[in-house]
Amino acid sequence: MLTPSQTVGPFYGYALPYAEGPFVAPEDHPDAIELHGVVTDGAGEPVPDALLEICQPGLFGRCPTEADGSYRFRTARPDAYIPVLVFARGLLKPVWTRAYLDDEAPFLAQVDPLRRSTLVASPSGERSYRFDIRMRGDGETVFFDHTGYAGPEA
């Protein structure tokens, strides 16, 4: 018997605070970068109670969005992209996207040119990248089917 789907959250009292939270890599890590941005809904309004997770080889981080929809991770620069999992109110399941730090990644050539930019983080300072996530509507971030996900690929 299948258990019927429920919307995701709010459940942050169980998932947060997460000990390491958004500090995935030590501050003095030679490849440490900051990934930050804002999560917005279909109307462009901030999503203040989403939960984001990133997962890279040997690294995991989790952080909530703030009242203004912002989030911030300190992690290590990836070879190609940072997988980002978004949990938010109203979703039956979390959604999965990727934050590419370089718009030359081969995979991006396969993405509709009009939507490609939603997968590319913008430099916003030394070792800092902005990656905004739009949950729906104009400029919606590209989300992936993560069924059978086996790990990062170039």
Side-chain angles (χ1 to χ4, degrees), residues 8-41 44-89 91 93-113 115-136 139-154:
V8 184
F11 55 89
Y12 308 123
Y14 300 103
L16 296 170
Y18 176 67
E20 291 79 22
F23 306 114
V24 180
E27 194 169 352
D28 61 351
H29 189 287
D31 294 325
I33 63 166
E34 179 181 272
L35 181 71
H36 64 97
V38 174
V39 178
T40 55
D41 64 15
E45 297 296 320
V47 178
D49 54 0
L51 177 72
L52 279 65
E53 292 180 349
I54 62 172
C55 185
Q56 299 169 256
L59 302 172
F60 174 80
R62 174 183 294 153
C63 80
T65 55
E66 301 292 333
D68 62 357
S70 67
Y71 71 92
R72 185 172 310 273
F73 286 103
R74 182 179 61 231
T75 189
R77 183 178 178 83
D79 288 337
Y81 63 88
I82 299 171
V84 181
L85 193 61
V86 181
F87 299 81
R89 181 173 10 107
L91 296 177
K93 297 180 179 178
V95 290
W96 189 273
T97 189
R98 296 173 175 177
Y100 285 85
L101 304 186
D102 177 355
D103 63 0
E104 300 296 321
F107 173 79
L108 293 174
Q110 302 173 44
V111 180
D112 178 342
R115 302 194 64 212
R116 187 176 303 150
S117 65
T118 70
L119 295 172
V120 181
S122 303
S124 62
E126 186 178 349
R127 296 177 164 219
S128 180
Y129 296 86
R130 181 178 179 126
F131 183 67
D132 292 335
I133 299 171
R134 178 91 183 236
M135 299 303 293
R136 57 188 304 184
E140 178 182 324
T141 298
V142 172
F143 296 107
F144 297 87
D145 177 359
H146 58 83
T147 304
Y149 177 71
E153 61 187 66

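Taking both residues in full, the closest heavy atoms of R134 and D41 are given as NE-O, 2.9 Å, listed atom of the first, atom of the second, then distance. A50 and V47 make their closest contact through CB-CG1, 3.9 Å (heavy atoms, listed as atom of the first residue, atom of the second, distance). Across every non-hydrogen atom of P46 and A67, the tightest pair is CB-O, 4.2 Å. Between P26 and A32, the shortest heavy-atom contact is O-CB, 3.8 Å. When all heavy atoms are compared, the tightest approach of L59 to A76 is CD1-CB, 3.8 Å. Between F131 and T118, the shortest heavy-atom distance links the atoms CE1-O, 3.2 Å.
You'll find the side chain of V84 stays beyond 4.5 Å of the side chain of F143, heavy atoms only. The closest side-chain heavy-atom distance from P94 to L85 is below 4.5 Å. Looking at L91 and M135, their side chains come closer than 4.5 Å, going by heavy atoms from C-beta outward. Residues Y129 and I33 meet the side-chain proximity criterion, which asks for heavy atoms closer than 4.5 Å. Between L52 and F73 the shortest side-chain heavy-atom distance falls below 4.5 Å.
Contacts classified as salt bridge (charged side-chain N to carboxylate O under 4.0 Å, His left out) and involving residues 70-82 (residues at least two apart or in different chains) are given here: E34-R72.
Partners of D132 by salt bridge (charged side-chain N to carboxylate O under 4.0 Å, His left out), not counting sequence neighbours, listed by chain and number: R130.
Under a 3.5 Å cut-off, the side chain of R116 and the backbone N or O of V111 do form a donor-acceptor pair. Between the side chain of T97 and the main chain of V142, a donor-acceptor pair closer than 3.5 Å is present. Between the T65 side chain and the Y71 main chain, no donor and acceptor come within less than 3.5 Å of each other.
Dense packing is recorded around CZ of R115, with more than 12 heavy atoms of other residues, nucleotides or ligands lying under 6.0 Å away.
Ionic pairing of R89 and D49 is present here: one or more N-O contacts between side-chain nitrogen and carboxylate oxygen are shorter than 4.0 angstrom.
S117 OG to D103 CG: the interatomic distance, rounded to the nearest 0.5 Å, is 10.0 Å. Remark: Y100 OH to Y81 OH distance equals 5.5 Å, nearest 0.5 Å. Of the inter-residue distances, the one linking L35 atom CG with S128 atom OG reads 8.5 Å to the nearest 0.5 angstrom.
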Check against side-chain hydrogen bond (donor to acceptor under 3.5 Å, both in side chains), Q56 and T75 | CA-CA 9 Å; Q56 299 169 256; T75 189; 2.3 Å; yes
Evaluate the criterion side-chain hydrogen bond (donor to acceptor under 3.5 Å, both in side chains) for residue pair S70 and H36; output intermediate values, then yes/no.
-> CA-CA 7 Å; S70 67; H36 64 97; over 6 Å; no
Determine, step by step, whether D68 and V38 satisfy the side-chain contact (heavy atoms from CB on, under 4.5 Å) criterion, reporting the C-alpha distance in whole Å, the side-chain angles of both residues, the deciding distance to 0.1 Å, and the verdict.
-> CA-CA 8 Å; D68 62 357; V38 174; 5.9 Å; no
Run the numbers on F87 and K93 for side-chain contact (heavy atoms from CB on, under 4.5 Å), then give the verdict.
-> CA-CA 7 Å; F87 299 81; K93 297 180 179 178; over 6 Å; no
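For the pair R98 and F107, the distance from NZ or CZ to the six-membered ring centre is under 6.0 Å and the angle to the ring normal is within 45 degrees.
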